[in-house]
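To start, the structure itself, in C-alpha cells.
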Amino acid sequence: MKKGILIIGAGGVSSVAVHKCAISINIFEKITLASRTIKKCQDIKKTIFDKYQVDINIEQIDANDINQLVVLINKINPKVVLNLALPYQDLDIMDACIKCKVDYIDTANYEHPNEAKFEYKLQWDRHEQFKNNSIQALLGSGFDPGVTGVFCAYAKKHYFDEIHYIDILDCNAGDHGYAFATNFNPEINLREVSANGRYWQEGKWITTKPLEIKIKWDYPEIGVKDSYLLYHEELESLSKNIKGVKRIRFFMTFSQSYITHMNCLQNIGMLGINKINHKGIDIIPIEFLSTLLPNPSSLASKTKGKTNIGCVIEGIKNGIKKKIYIYNVCNHEECFKEVGSQAISYTTGVPAFIGAKLVYQDIWNKKGVYNIEQFDPDVFMEELNIQGLPWKIKVLD
Ligand code: NDP
C-alpha cells in the first residue's frame with residue numbers, strides 16, 4: 001500500500017515544507033527527502049531530528065533522470081510526491097508519477113532550461129494521462145502561484161457573482177543587508193524579473209518592456225512602495241479559470257538598488273542563458289552569477305522586516321460593484337525563529353505543505369491535472385490561519 005510523502009529538492013522552500021510535514025508526521029506517516037546534493041538532505045534531516053525527534057529518510061537523486069525517479073518512487077512507494085526542486089524538473093517528475101501512479105504537487109510551472117519562457121501547456125497536456133491513471137496533479141501550491149489563486153477562488157465563492165479585475169500585489173520589504181541578493185533561487189528569480197512584462201486584458205495578452213509599468217501601492221503594515229508589473233505564471237491559469245475576468249495583472253516591489261544591479265548585470269551579459277566559452281571552459285553566465293550570489297537560505301538569519309502578498313479583486317455582487325483586498329503579512333524574523341528560514345521560503349513552503357496535506361488526506365481529490373484555484377478554497381484558507389500564514393480581508397471603496 002502507498003504510504004508517506006516523497007519531497008524532491010532540499011533548498012530553502014523544501015526545508016520549510018519538511019519542518020511542517022515533520023510536525024504533522026501523524027498525517028504523513030513517513031517522510032523521504034531526496035535531492036541532488038545529499039549533504040543538504042543530511043543537514044535538514046539532522047535539524048528535524050534535533051527539533052522534533054522525527055527521523056526522515058533521505059536519498060540522492062538526479063531529478064532530470066526519469067529512470068532514477070521511477071526507481072526511487074517505486075522503492076519508496078509514497079502516496080504523494082511534492083516537487084520542490086526547480087521548474088526544469090517538473091515534466092520528468094510528472095512523467096515518473098504517471099509511470100508509478102502517484103499524486104504530484106509543485107509550486108512553479110515548467111520552464112525550459114535553454115529558453116526564458118514558462119508556461120503551463122506541457123503540464124496541462126498531461127491531464128488525460130493523470131486522469132486515466134486515477135491520479136491527480138496539483139499545480140502551483142506555493143504563495144504566488146498558490147495562495148493568490150486560493151484567494152481568488154475564495155473571493156469568487158463568497159464575495160462576488162462576477163469577478164472583473166484582479167491585481168496581485170507582492171511586496172517583500174525585508175532587508176538582508178546585502179547591496180544585491182535574490183530571496184529565492186537566483187536563476188529563476190532573475191529570469192522572471194528581467195523578462196518582458198505581460199498582463200491579460202479583454203481576452204488578449206498585452207506585452208510591456210521589463211519593469212515598464214510602475215504603480216505605488218500602500219501595503220498594510222509596510223507602507224507605500226513602488227510596484228512593477230511583471231508577467232507571473234498564475235496569470236495564465238487564473239485568466240482561464242476565473243470565468244469572466246476582464247483584466248488580471250501582477251505587481252512586485254523592488255528597491256532601486258535591486259533594479260540598478262539587475263540592469264547592470266543584464267547590460268554586461270551576466271543574465272545570459274546560453275553557453276559561452278571562458279578560457280576553454282563552457283559556462284552559462286546566469287549559472288555562474290548564481291554561484292557568486294549569496295545562497296537565499298543564508299539570508300534567513302540576517303533578514304528583517306515583512307512581506308505582504310495579496311489580491312485586489314473587483315466585481316459585482318447582487319448587482320452592486322464591489323472591491324476587496326485579501327492579503328497575508330509575514331515577518332522574516334518570526335519565520336526564522338520558527339523554522340530557521342526567511343519569509344519567502346516560508347510563504348512558499350507552508351502552502352506546499354498544506355497542498356500536500358489536503359491531497360494526502362484525499363480532501364482535495366480530482367483525477368487529472370489542476371491548478372490550485374480549481375479546488376474548493378475554504379479548507380485551504382482555514383489551514384493558512386492555522387499553519388502560520390493568517391490572512392485579512394478589507395473592503396475597499
Ligand atoms: P533552491 O535553489 O533553494 O532549491 C532547489 C533544490 O532543488 C536544491 O536542493 C537543488 O539541489 C534541487 N535540485 C535542483 N536540480 C535538481 C535535480 N536535477 N535533481 C534533484 N534535485 C535538484 O530553490 P528554492 O527552494 O528557493 O525554490 C524551490 C522551488 O520553489 C522552485 O521551483 C521555485 O521556483 C519555487 N518557488 C515558488 C514560489 C511560489 O510562491 N510559488 C516562490 C519561491 C520559489 P542542489 O542542492 O544540488 O542545488
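Just the heavy atoms: all of them, side chains too, but no hydrogens, waters or symmetry mates, feed the values below. Remember, it's 1-based here, ligands and their atoms both numbered in the order they're listed. In this text, all values refer to a predicted model and were calculated from it rather than measured experimentally.
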* **ILVMFWY cluster, V359 and I354 together (side-chain gap under 4.5 Å)** => yes
* Using the six-membered ring wherever Trp is involved, compare the ring planes of F180 and H261 and label them parallel, tilted or perpendicular (cut-offs 30° and 60°). => parallel
* To do: Determine, using ring centers only, whether F118 and Y110 are less than 6.0 Å apart.
  => no
* To do: Only heavy atoms count here, so choose which of A17, S14, G11, A63 is nearest to atom 17 (C) of ligand 1.
  => A63
* **Plane angle bin for F375 and Y370 - parallel if under 30°, tilted between 30 and 60°, otherwise perpendicular** => perpendicular
* Asked: At a non-hydrogen distance cut-off of under 4.0 Å, which region of D62 contacts ligand 1 (side chain, backbone, both, or neither)?
  -> both
* Sub-3.5 Å N/O-N/O distance, L86 and ligand 1 -> no
* Any N or O of F143 closer than 3.5 Å to N or O of ligand 1 -> yes
* **atom 12 (C) of ligand 1: nearest protein contact (heavy atom, Å)** => S35 OG, 3.6 Å
* Within less than 4.0 angstrom of ligand 1, does P296 place any heavy atom? -> no
* Measure up the H158 and Y154 rings against each other and bin them: parallel (under 30°), tilted (30 to 60°), perpendicular (over 60°). => tilted
* Asked: Does an N or O from V13, backbone or side chain, lie closer than 3.5 Å to an N or O of ligand 1?
  -> yes
* Taking the six-membered ring for Trp, is the centroid-to-centroid distance between H19 and Y52 below 6.0 Å? -> yes
* Structure fact -> Going by the 4.0 angstrom heavy-atom rule, the piece of P145 near ligand 1 is both
* To do: Using the six-membered ring wherever Trp is involved, compare the ring planes of W364 and F380 and label them parallel, tilted or perpendicular (cut-offs 30° and 60°).
  => parallel
* Does any N/O atom on A108 come nearer than 3.5 Å to any N/O atom on ligand 1? -> no
* Indicate the ring-plane relationship of Y325 and Y327, choosing parallel, tilted or perpendicular according to the 30° and 60° boundaries. => tilted
* Asked: Taking only heavy atoms of T37, which atoms of ligand 1 are found under 4.0 Å from at least one of them?
  -> 45 (P), 46 (O), 47 (O)
* Asked: Considering the options K306, K225, Q342, H332, which one meets the side chain to side chain donor-acceptor pair (under 3.5 Å) requirement together with N172?
  -> H332
* Could you check atom 30 (O) of ligand 1 against the protein and tell me its nearest heavy-atom contact, residue, atom and distance included? => T107 OG1, 3.2 Å
* If you measure every N/O of F184 against every N/O of ligand 1, is any gap under 3.5 Å? -> no
* Hey, is R36 touching ligand 1 through its side chain, its backbone, both or neither, going by heavy atoms under 4.0 Å? -> both
* Where's the contact between I8 and ligand 1, heavy-atom distance under 4.0 Å: side chain, backbone, both or neither? -> neither
